[in-house]
Structure formats: C-alpha cells, structure tokens
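Below you'll find the structure, written out as structure tokens, and then a few comments.
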Protein chains: 2
Amino acid sequence: MVTIVDVAKHAGVAPSTVSYVLTGKRPVSAETRMRVGESIRQLGYQPHSGARALAGSRTNVLALVLPLREGVHLPVVMRFASSVVTTAREHDMDVLLVTADEGAAGLRRVAGTARADGFLVMDVGLDDERVPVLRDLGRPAVLLGHPTVANGLTCVDLDFEAAGARCVDHLVELGHRAIGFLGAPGAVYARNTGFAQRTLAGFSAAAMRRGVASTALPAERHRDAVRAVVGTLLRELTRMTALVVHNEAALGWVVECLRAEGRRVPEDVAVVAICPDELAEQLRLTSVQLPADVLGRRAVELLVAKLNGQRPPALTLLPPKLFSRTGHAAPRLVVARPPQQAG
Amino acid sequence: MVTIVDVAKHAGVAPSTVSYVLTGKRPVSAETRMRVGESIRQLGYQPHSGARALAGSRTNVLALVLPLREGVHLPVVMRFASSVVTTAREHDMDVLLVTADEGAAGLRRVAGTARADGFLVMDVGLDDERVPVLRDLGRPAVLLGHPTVANGLTCVDLDFEAAGARCVDHLVELGHRAIGFLGAPGAVYARNTGFAQRTLAGFSAAAMRRGVASTALPAERHRDAVRAVVGTLLRELTRMTALVVHNEAALGWVVECLRAEGRRVPEDVAVVAICPDELAEQLRLTSVQLPADVLGRRAVELLVAKLNGQRPPALTLLPPKLFSRTGHAAPRLVVARPPQQAG
DNA sequence: AACCACGTTCGAAGCGCTTCGATTCAATTC
DNA sequence: GAATTGAATCGAAGCGCTTCGAACGTGGTT
C-alpha cells in the first residue's frame, strides 16, 4: 500500500505538505503542488479513508436511509437513490445504504461509530421516532418527502401548492372549463398536515385565476364514499369535464365510479391524479409525479451545504412535473429494433 | 466522544482488554468480560469505525455495485438491495452503495481508499471491464446475475436449467400434454452464453421425463419473426396447449400473435414466461421469477465467507420460483380498509 | 520449596492521516 | 545593513483502535 509518506519521500517534501496539496487547506507553491501531484500519479496513491476519518473527523460518507420494505414505490426510491449517489460522488462523497428497518437505533449506530457525516432520510412520518434522535445526534440531516417542520432539520418536498395549480393549468389549456377536485379524507384537512391543504389551496387559487368553475370535496377512501362524492361532484358541477384527484387510495374507485355513472375516462371526464407515478401508470392517468431525480440531487446539495457549515433554508419545495398519459392505449412493450439482417 | 480508553478506565482494565472483549480474539475471564460489558453499556461506548479500519485493516463495509440507470428492472434491484443490507447487518457489516456508472474506476477507488472489504456486483456483462479489475484488486467479490466464469471470483445466479424444468412440471400438473418453447434468438444459442442453453436443456429434459410432446424454436425479437415462429409452433405441435417463452423482448408479441391466431390466452394456450417479474405482471402471465431476496442473502453470505478466508463454490445456482398468475383479472387497487366510523 | 506452564491481563508500538505551532527564507521596509 | 514581514514548508503530536510480546498470578508438578 502506498502511503502519504511514500508520496512525500518521492516528491522530496514533508507528509504534511502532501496533505495540504490534497486538501488545499494551506497554500502550497505551484511548483511543489505540481511535483507532489506527479508523485501521486506515478505511485498511484490513494488516501486511506479510515485514517482520514480518524485524523480529520470527517468520513466523506453520507448515510442514505431508505424504506426498502414493500409498500413503498420501489422505482421512485430507486431513482432517488441513483440521483443521490451520483450527486454525492460529484462532491467526492460516498453513500452508505441504511434501511428504515433499523429505525432510530440505526441512526445512533451510524453516527456513534462515525460511519457517516450526515443523514438523508426518506419517508419520514409525521410523528417519527427518528426525528428527535436526528436532532440529538447533532449531525446534519435532510429529510425527504414529508415537510416535518423541525427546527434545525432541513426538509425537501414536492411543492404541493404548485402541484394543485399545475393540474388546473394543464386542464384549462386542454379546454376544460369546469374542474372538480376530489381530495383526501376530511380528517386529513382537519389535522394541520399541510400538504393536503396546500394542494387544495393551489388548486382553488389557480381555478379562480383561470376563471374556471370548480368544486372541491374531501373523500374517504372506501368505495361507497367515493361513489357518493363522485355523484355529488357530477350533480353540483354539472358541466364538469375534468377531475383532479389527490387521494391515492380512492383513485381506483374514482375511475370505476365515473365509468359506472356512464362517463368515459378520459373522453368525458379527464382525470388528473397527484400520486406516485406507478399508480397513475397502472391506471393510465395523467398525473403529477414526484421528481425523484431532482429531489435526490437537491437533498445531497443541501446536506453538503450543511456539512460545510452553511445554513440552508429549512424547507425546499420542488416544482411538480406533470406527465400526460392521455391517448395511451393498452400496455405495449418497448421492443428493441430487430438486429441488422445480413444481405 | 467515548473512547476505548474511557471504557478501560471505567472498568479498571487496559484498553487492550476492552478490545479483546469486543473482538473475542483472545480469551478474557468471564468476570472481566462482564465488567467491561457493563462499562460499555453505561458509557454508551461505540467504537470508531475509522480507527478500527486503520488499526485492523478491516472496514466491515461491503460495496454494493448496482445498475441504477433506467433499463434495468428497478423493483428487482431494489428488492435485492434490501435483502443485501438486511443480511449484511446480520453479519455486522454496512453497505456502501456504488453505481455501475463508476465502472472499473469506481472499484479501484473503493478498494484503494479502503472504503470496503469486498464487492457485490450486480449485472455483470459477458465481457465486463470490471471482471479483470476485480481479480487484480485481490478483494473478495461476488458477481450476480451472470455466471461469468472467472477463476477466483464467485458467482450467484438463477438455476436456469431448473427454471426450464419448472415450467414444464407446472404445466404438466395443470394437465397440458403438448408444450411449445419459444426461445431467444438463434444467435444467443450459437454463442456459448450458457444460460439460454441451460434453460432449453432443462425444458427438453423435463418434457422427456414427463412424457409430453414438445417443440422448441428460437425466435428473433421483432414482431414478424415472432408471428412466424408462433405459426410454426401451432402447426407442428398441433395439440399444443401451452407455451414456455424465454425471450423477454418477444413476449408481448407472442401473446398478441396467439390472440391474432384466434387462441385465447390463457384459456386455449397457457403461456409461462421466464422473465423479470415486472414484465410478467404487466402481461399477467405466469412466470418464473428471479428470487431477488434469496439472491441477495446468498450473495452476502458468500462474500462474508470469503472475507473469513473460506473458499466457497465458484458458482451457486438458486432454485427458480414459479409464480402463477392465471385467473388474475384487470388491475385492481389494493385499498386499505375504511377507517372505523364513530357511532 | 523451587519450578514450570497456562490462562489472563498489561503496555507500547504502530496503522496513515490531519493539524498546529515552529521554522525557514526571500522580499520588503526603515 | 539590520529588522520586519509573510508565504511556504517542516516536524511532531495526536486521532482511537488493534496487536504483539511481555508480565503477572495461579495451580500443579518434581
């Protein structure tokens, strides 16, 4: 193994000088820098990360805590993870993969054994046991997907207000003049959860701004409730040709109930969902999706900023992406082109 | 931060004794062990992983190299990753996530900077640049998904021969007496790829053993070729009521062509695919799936064994899982039960 | 009673790096 | 020409752990 001492000898300098060349923490003359650089290249020197962590008390590793069990939308998680790793590498960091199964104890372990400098935690619940632990740990952390307002912690999330507005804008541009909104169960709005209200607020404001008729109703997730709400919407907003749904669990029933009422989807009633991409894909509905790639990138950038002593905003909201699926037919395979035929 | 010296003082022993209690590398009297353990608990001591890596030249980290870009089946990758992390933790190891994008240079970096003790590499190509590097690196490695026969390297893969046989057995048990096989393009069999032939061999042997009629044909991936092959199969194996397909790209066309020929799927012709689960799910076909969870677990166990100086078999084949999807209707949402109503 | 052997425990030397005060030397100033 | 500065470099002291040889008691042996 090539050590910093080997490099120093080879370049005819002290080990500390090599270190300063590497970290840039003290000025080094251009000539020395060149010479050391050349020695590093020739010897193929790579600093030992353990020694670095020990002496410098920085690991250059960030822990990514993911919900890997079933029940979450794996492709979204994966895309997010991919983006995190790529961005982390751009900052010369590595990524330690931790499952949510380990819970708060896992965070304590990773921080306590100095395996990572900071945390990226996905899928944090409203009353998550990890939040207080994260604060105690005193290590930089970025939370994802839920804007758990927590002092000292940094959160990244989709801008639900913009998402609500985006749906309206999209539908108005398609010519719709009366748009319904089927939201989460009433209780969700009562609780000050935030994201449900913000979506609704964005929807309502946009409808107002664009001068289209709109009616918004909450809905429980079971079938009968959905049927009732859909019926009410069709009655109250008689010229309704579009419906924005912000209720994952009800989404399937919504489509079914509309069809049961004799409305074709999307010909008679265009449905736009705010939900995980997978679900919309399955039902072939236009949807506002979570921009997992941007989310991952931004999360890492925020964490790196915190590691560098900066104090980024407590909450970052990402612009929603609307993905139109109208006109999609039955599932069709993506088939690669046939290989070139000889002759 | 609590160090080993703090623990030693608290327990009234030398630091080395604490180390031996922790690692078990030398005998420690039961009484001392108790006392040290108690001190560790009381002080909440957690060893510094960097210091450990430096002194002991073992990181207790394994690098997981995943293909995270599009084009691979994310859910499979994710399930595999999940299984890897869980199993690694059981062996007191952590997992460093590396993307395949980093290529061979990434492996060199991780090994060179002593970030990990060994590698788990998924989706290794037939002529992968990483294979020679992996061998040079001299670190334990386990390759997944492709049985790249490489001396010194350990591979885990699905047992394709058993997969072919499993399809036949399943169909015979359902009462089918004439089974077709639509395989990969001819060129794949010509190349000594291995897995294609093995699947076919397993299929043929099982058909023979079970005494059912069978015909196997290769197929190019484009539509016309598939139509021709399906036509030939129906003509040559006139009483064919089942078809095993080992050709991801053609799978969609196979179903379409069968229907175009007036055969209902699966009522008239049962189709069993050997392909990623996602695809079969989309087409609602019974399939042999890659047991990602077992794969992950086994891979870690093999790697840990190698880290401990053992020499596990160069190739481990996993039994295929057949997942029956006959009788599945249109996509249906899994809806949570409605919340309890008051009154 | 002196001896050996063995199970335990101790002490010290590193592992490879960062960091901080000290040192050097050339350029500037009076 | 001596004193002052400041940039560039050096040297040494750790960071917290593992590991190895040595030291320490015991109990059993001669």
Side-chain angles (χ1 to χ4, degrees), chain A residues 1-37 39-40 43-61 92 94 109-117 307, chain B residues 1-37 39-40 43-61 92 94 109-117 307:
Chain A
M1 175 177 200
V2 182
T3 74
I4 201 170
V5 175
D6 299 326
V7 175
K9 278 183 188 145
H10 188 273
V13 298
S16 49
T17 303
V18 177
S19 179
Y20 291 127
V21 168
L22 249 23
T23 63
K25 294 194 178 174
R26 273 196 191 178
V28 174
S29 72
E31 197 227 313
T32 308
R33 210 178 319 120
M34 296 262 67
R35 200 146 35 87
V36 170
S39 296
I40 289 176
L43 301 179
Y45 168 68
Q46 294 185 281
H48 186 288
S49 61
R52 258 196 163 161
L54 182 55
S57 60
R58 251 188 90 153
T59 62
N60 268 32
V61 170
D92 200 31
D94 268 297
R109 183 180 63 79
V110 170
T113 58
R115 272 233 190 279
D117 298 326
L307 285 170
Chain B
M1 173 173 201
V2 182
T3 73
I4 202 171
V5 175
D6 299 326
V7 174
K9 278 182 187 146
H10 187 273
V13 298
S16 50
T17 303
V18 177
S19 179
Y20 291 128
V21 168
L22 250 23
T23 62
K25 295 194 178 175
R26 273 198 191 178
V28 174
S29 72
E31 196 226 313
T32 308
R33 211 179 317 124
M34 297 261 67
R35 201 146 36 85
V36 170
S39 296
I40 288 176
L43 301 179
Y45 168 69
Q46 294 185 280
H48 187 288
S49 61
R52 262 196 159 161
L54 182 55
S57 61
R58 245 187 96 153
T59 62
N60 269 31
V61 170
D92 200 32
D94 268 296
R109 185 180 61 80
V110 171
T113 59
R115 272 228 189 282
D117 298 326
L307 285 170

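Every chain is numbered from 1, with letters handed out A, B, ... down the list of sequences. Since the structure is predicted, the reported quantities are computational estimates derived from the model, not experimental observations.
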Pairwise N/O distances under 3.5 Å, protein to nucleotides 13-15 of chain D:
unit_1: D:dC15; atom_1: O2; unit_2: A:Ala55; atom_2: N; d: 3.4

Exercise. Got B:Tyr45 and B:Leu22 here, is their nearest side-chain heavy-atom distance under 4.5 Å?
Worked result: yes

Over how many whole Å does the gap from [X] atom [atom1] to [N] atom [atom2] extend?
| X | N | atom1 | atom2 | result |
| --- | --- | --- | --- | --- |
| B:Ile4 | C:dG11 | CD1 | P | 14 Å |
| B:Leu22 | D:dG16 | CG | P | 16 Å |
| A:Arg33 | D:dA7 | CZ | P | 15 Å |
| A:Arg58 | C:dT18 | CZ | C1' | 13 Å |
| A:Asn60 | C:dG16 | CG | P | 20 Å |
| B:Lys9 | D:dG16 | NZ | P | 12 Å |
| A:Asp6 | C:dG16 | CG | P | 9 Å |

Exercise. Where is the tightest heavy-atom contact between B:Gln46 and A:Arg109, given as atom of each residue plus distance?
Worked result: NE2-CA, 3.4 Å

Seminar exercise, completed: All heavy atoms of A:Met1 vs all of B:Gly112, minimum pair found to be CE-O, 4.4 Å

For [X] and [Y], indicate whether the former's side chain and the latter's backbone hold a donor-acceptor pair under 3.5 Å.
| X | Y | result |
| --- | --- | --- |
| A:Ser19 | A:Pro15 | no |
| A:Thr113 | B:Pro47 | no |
| A:Arg33 | A:Val28 | yes |

For this session: Give, ordered by number, those residues of residues 12-21 of chain A having at least one heavy-atom distance below 4.0 Å to an atom of DNA chain C; if nothing qualifies, reply none.
Result: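 A:Ser16, A:Ser19, A:Tyr20 - these, ordered by number, are the residues of the stretch whose heavy atoms sit under 4.0 Å from the strand.
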
Exercise. Do A:Arg26 side-chain and D:dT9 base share a donor-acceptor contact under 3.5 Å?
Worked result: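 Donor-acceptor pair under 3.5 Å: yes.
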
Problem set entry | Residue A:His48, side-chain heavy atoms: nucleotide from C:dG16, D:dC17, D:dT9 that is nearest |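 When the side chain of A:His48 is considered, C:dG16 is the closest of C:dG16, D:dC17, D:dT9.
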
Problem set entry | Pairwise distance CG(A:Leu43) to CD1(A:Ile4) - rounded to 0.5 angstrom |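 Output value for this atom pair is 12.0 Å.
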
Exercise. Once you round to the nearest 0.5 Å, how far does CZ of B:Arg35 lie from OG1 of B:Thr17?
Worked result: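 So the CZ of B:Arg35 and the OG1 of B:Thr17 are separated by 9.5 Å.
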
Exercise. For D:dT18, does either OP1 or OP2 sit under 4.0 Å from a side-chain N or O belonging to B:Lys25?
Worked result: no

Exercise. Think B:Arg52 has a side-chain N or O under 4.0 angstrom from the OP1 or OP2 of D:dT18?
Worked result: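 For B:Arg52, the contact criterion (side-chain N or O under 4.0 Å from OP1 or OP2 of D:dT18) is met.
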
Exercise. Which is true for A:Thr32 with a 4.0 Å heavy-atom rule: it touches a base, it touches only sugar-phosphate, or it touches nothing?
Worked result: sugar-phosphate

Anything under 3.5 Å between a donor and an acceptor, one on a side chain of residues 53-61 of chain B, the other on a protein residue two or more places apart or in another chain? List them.
unit_1: B:Thr59; atom_1: OG1; unit_2: B:Val61; atom_2: N; d: 3.1
unit_1: B:Thr59; atom_1: OG1; unit_2: B:Asp117; atom_2: N; d: 3.3
unit_1: B:Thr59; atom_1: OG1; unit_2: B:Asp117; atom_2: OD1; d: 2.9
unit_1: B:Thr59; atom_1: OG1; unit_2: B:Asp117; atom_2: OD2; d: 3.2
unit_1: B:Asn60; atom_1: ND2; unit_2: B:Asp92; atom_2: O; d: 3.1

